[in-house]
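A quick write-up on the structure given underneath.
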Amino acid sequence: MAFELVLMWLVMAVPCEKTPPPGMVCIEGGDAVVGADDRSAAEKPRHTVSVETFYLDAKEVTVGDYSRCERAGACPRLPRPAYYARFQKPELPAVPVTWEMAHQYCVYAGKRLPTEAEWEKAARGPEGRTYPWGEEAPSCNKANYKGCPDNTTRPPGSYPAGAYGLYDMAGNGYEWVKDWWSPCYKGCDKACGEDCLRANPRGPCDGARPCKGYTQRVLKGGSWYWPEEMLRGSWRRGERPTSGLHRLSFRCASTTTRLSAWPPRFREEPPARPADPLPPSEEERAKALAVVEDTDIFQIPLCGRVGKARVDCRDPMSYIKSNEVLQYLFGDVIKNVGGGYVGLGADQGYSYIAHARSQWAWIFDYDPTVIRLHHVLRAVVKRAATREDFVAAFTDKRVAATRAAIEEEWASLPKEERAAITGVFERARRQLWANYTRQLRPARWAGGFGWLQTDENYRYVRLMYEQGRIIAIKGNMLTDKALPSIARAARSLGVPIRVYYPSNAEEQWKQLPPQYRENVRQLPFDERSVILRTLISRKFHKSDAYWHYIVHSGLHAQEHLALPGYANVWSFMEDRQQVGAFFATTSADGAQKAPTRERYLDFLSYIGMPSAVPSAVAESKP
C-alpha cells in the first residue's frame, strides 16, 4: 500500500511538457477543490481531491472542428434544422451535441472527455475560485449567460481567459464531462461516495459503460441559455447522454501530449527492422525459462457447449488452427516492433512473432492439446529447412520420420507425455497438413504477413526455435502462475513485451477477474506495446463478419485495468477509433479468398494508440 501511495504521488507530480498539444493547455497535477457546502444539494460537500497532470482544450470545440470529424466519417452529423441556423457558423461552439457525439469527437481527435474533477480544477484554478475569474459576481463582459444581449452562443475566446488561460469555462455552451451523474458527492441517497472522493476520481463506474443504476452524465459550467447561478465552477447537472439541445457543447482532455489521433505512431514512425538475435547465453536462457507452468490445466472441467468458456471451465473444442481469417490486418501495427511476444493459441502466434521480429516469445494455453501441438511444431520446424519441408512432414509419406523427430526432440519427457504429443500429431496431421498447405499459397492482400507466406518469415521462426527463444508452456491466464512468471522472466531479461495476444478469451468472461487484471498489469509494456484482440463483432456493430479486430495500446489497457469500473473487455469499446472498412469474401468454411468490394466485412479498431510526436513537441524535449 505504501508503494502504491508513493507511485500515485509520482504520477500526480508529473510536470507539464514544455509544449502541450496544439490548442491545449497543461494543468499540473495536485489538489483540486470540488463542490460547495452552501449551494445546491448536488454540489455538497465541498472537498479536496488529488488530480494528476492533464491537458485540456483551451476553448470549446467549434462547429468547424466538429465538421471535420463529420467529413472523416468518424462523427454523427450535427442536427441542422432551420431554427438552429444562428448556432451553425463554423466559429461558434458545436451545439447541439449529445454526450455520445462529444465522446466520439474526442476519440477522433485522439483525446477524451475530461473527468468532472479535472474540469472543476481547470475552471476554479488552484485556489478553488467560485468562478473562473475569481469571486466577483458575473457580468456580461466576463461570460455569456441568460440576460446578456446576444441571447445565443458566441465564438469561443470572446471573453477574458480564466485560470490556466482557459476560455468560457462559465457560460456560452454547457459542457459534457465523462462522469456519470449522482445526486451528490456524499451525504444523500445514492451519493457518489468514494468514487468521487478518492485520488484522481472518475465518478461512478470510473466513467465506463455500462454503469448499473446510472442513466445520466454530468454537465458543467452553465450556458448562454441559463442564468448566472449556474456559472460557478461547482455547479453540476445531470442529463441523459442522448439529450442534445442548443446549449450543450464540450471540450476535450488528454493525459499525455502524445495523442492517439490517426495516423498512429506505427504508421508515421515505423521502427527499423531489428537484426537477427544472437544465440542467448546460458544466463539469458535460464532467465527466459524461469517460468511456472499451470500443470493443473488437466483438471479444468470442460464447459457444456462448444465455443464457450467460463472462468470455471474450458471450451471442449481444441483449436489446433485459427478461425480468425483476417489476422493480417494486425500486420502494420506490429511490424518490426521487436521485444517480447506473449500469446495463446495455435500457430497464429508464429505469424505475429515473425512479423514483429520478436526477440523472445512465450506461448501459453490452457488446452493441453494446443501445447502438445506446439511441441510437435518445435520438433518439425527445427528439422525442416524450408517451409515446404515443414508442410511435407504432415503427409502420409513422412509419418514415421516425424514421429521419430518428436521422440528425439522430447526424449527427456516421460514416455506417457511423449506418447500424448505423438498422439496429437497422428490424430490431427491431415487437418494440419490442409491448413498449412493453404497458408503456403501466396496471398497478395496479406502483405507478406504469415509465418508460412514467405521464406524469410519461416526462416525467422525456425531461427527462434533453434536458439530456444520460443517457449511454449501450459498456462491458465486466470492464475498467479504462468502470466506473472512470464512477466518476471521478461523483466529479468530487460525485454519489453511488445505484443500480447489473448485472442477473444477476455470476452468469454462476464467480468475480468481480479487476478487476470493484475496479470496483464504486470507485463512490462512500453509505448510500442499493443494488445491484439479478436472480438465477436455482432455484439456491438452490424457486420457480415464474425470477428472484429481490435488493437489496444498496452499502456492504455494497463491504466484502465486498474479501474474497477472497467469491468469487462467491452468497457474498452467505447474508446475505440474505427479507422477503415475492409472488403473480402470468405468461403463457407471460413477460408479467405481474394478481396473484392462486393461485401462489407469488418472494421479494424484502435484504442489509445499513440500518434507520432509533433515536431514542435519532439524538439522541446531535453
Side-chain angles (χ1 to χ4, degrees), residues 22-24 56-106 108-109 111 113-114 119 122-123 131-133 137-162 165-177 216-233 235-252:
M24 303 187 85
L56 188 67
D57 288 346
K59 299 178 181 178
E60 294 162 327
V61 172
T62 66
V63 172
D65 296 329
Y66 192 90
S67 295
R68 285 190 286 276
C69 186
E70 289 180 334
R71 291 193 294 272
C75 287
R77 291 187 59 80
L78 278 172
R80 289 182 170 88
Y83 54 86
Y84 275 2
R86 74 180 193 269
F87 301 102
Q88 299 305 320
K89 296 177 182 178
E91 67 274 15
L92 295 176
V95 299
V97 174
T98 67
W99 185 94
E100 306 286 351
M101 295 166 69
H103 171 79
Q104 197 56 49
Y105 175 88
C106 291
Y108 156 79
K111 307 175 188 179
L113 284 170
W119 192 98
Y131 303 102
W133 54 83
S139 64
C140 292
N141 63 356
K142 292 185 175 70
N144 182 20
Y145 57 98
K146 187 173 185 177
C148 292
D150 289 340
N151 194 34
T152 186
T153 54
R154 296 195 65 187
S158 296
Y159 299 89
L166 296 164
Y167 295 90
D168 301 298
M169 296 296 285
N172 215 26
Y174 233 145
E175 297 188 19
W176 291 108
V177 295
Q216 296 182 319
R217 301 278 187 172
V218 176
L219 285 166
K220 299 288 287 184
S223 75
W224 65 272
Y225 183 84
W226 293 105
E228 64 180 74
E229 70 179 49
M230 299 181 180
L231 299 181
R232 57 183 179 269
W235 173 263
R236 57 198 303 266
R237 170 182 169 178
E239 186 61 78
R240 291 177 296 107
T242 54
S243 176
L245 299 170
H246 55 5
R247 54 266 195 188
L248 306 187
S249 70
F250 68 104
R251 71 184 74 212
C252 303

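Predicted, not measured: the structure shown is a model, and the values here were computed from it.
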Any donor-acceptor pair under 3.5 Å linking the side chain of [X] with the backbone of [Y]?
X: K142; Y: Y159; value: no
X: D168; Y: G157; value: yes
X: W99; Y: V177; value: yes
X: D150; Y: N144; value: no
X: E70; Y: L78; value: yes
X: R251; Y: A58; value: yes
X: W119; Y: L219; value: no
X: D57; Y: M24; value: no

Taking all atoms of both residues into account, what is the closest heavy-atom pair of [X] and [Y], and its distance?
X: S249; Y: V95; value: CB-CG1, 3.8 Å
X: M101; Y: P79; value: CE-CD, 4.1 Å
X: G221; Y: L231; value: O-CD2, 4.0 Å
X: Y66; Y: C75; value: OH-CB, 3.5 Å
X: C140; Y: P149; value: SG-CD, 4.2 Å
X: W176; Y: S243; value: CZ2-O, 3.4 Å

Do [X] and [Y] have side chains that get closer than 4.5 Å, going by heavy atoms?
X: K146; Y: W226; value: no
X: P93; Y: V61; value: no
X: P227; Y: Y145; value: no
X: P90; Y: S67; value: no
X: Y174; Y: M230; value: yes

In Å and rounded to the nearest 0.5 Å, what is the [atom1] to [atom2] distance from [X] to [Y]?
X: D65; Y: K59; atom1: CG; atom2: NZ; value: 10.5 Å
X: H103; Y: Y108; atom1: NE2; atom2: OH; value: 15.5 Å
X: C69; Y: R77; atom1: SG; atom2: CZ; value: 12.0 Å
X: E100; Y: T242; atom1: CD; atom2: OG1; value: 7.5 Å
X: E91; Y: S158; atom1: CD; atom2: OG; value: 9.0 Å

Between W224 and F87, is the ring centre distance below 6.0 Å?
yes

Do Y105 and F250 have their ring centres less than 6.0 Å from each other?
yes

Any side-chain donor paired with an acceptor under 3.5 Å for N141 and S139?
yes

Is it the case that W235 and E229 place a side-chain donor and acceptor less than 3.5 Å from each other?
no

With R247 as the cation and Y225 as the aromatic partner, state whether NZ or CZ is under 6.0 Å from the six-membered ring centre and within 45° of the axis.
yes

Can we say E239 and R237 salt-bridge, meaning some charged N sits less than 4.0 Å from an Asp/Glu carboxylate O?
yes

Audit row: L166, L56, side chain to side chain contact (heavy atoms under 4.5 Å, CB included) steps and yes/no:
CA-CA 8 Å; L166 296 164; L56 188 67; 3.9 Å; yes

Going through the distances and angles, do V63 and R80 end up as a side chain to side chain contact (heavy atoms under 4.5 Å, CB included)?
CA-CA 11 Å; V63 172; R80 289 182 170 88; 4.3 Å; yes

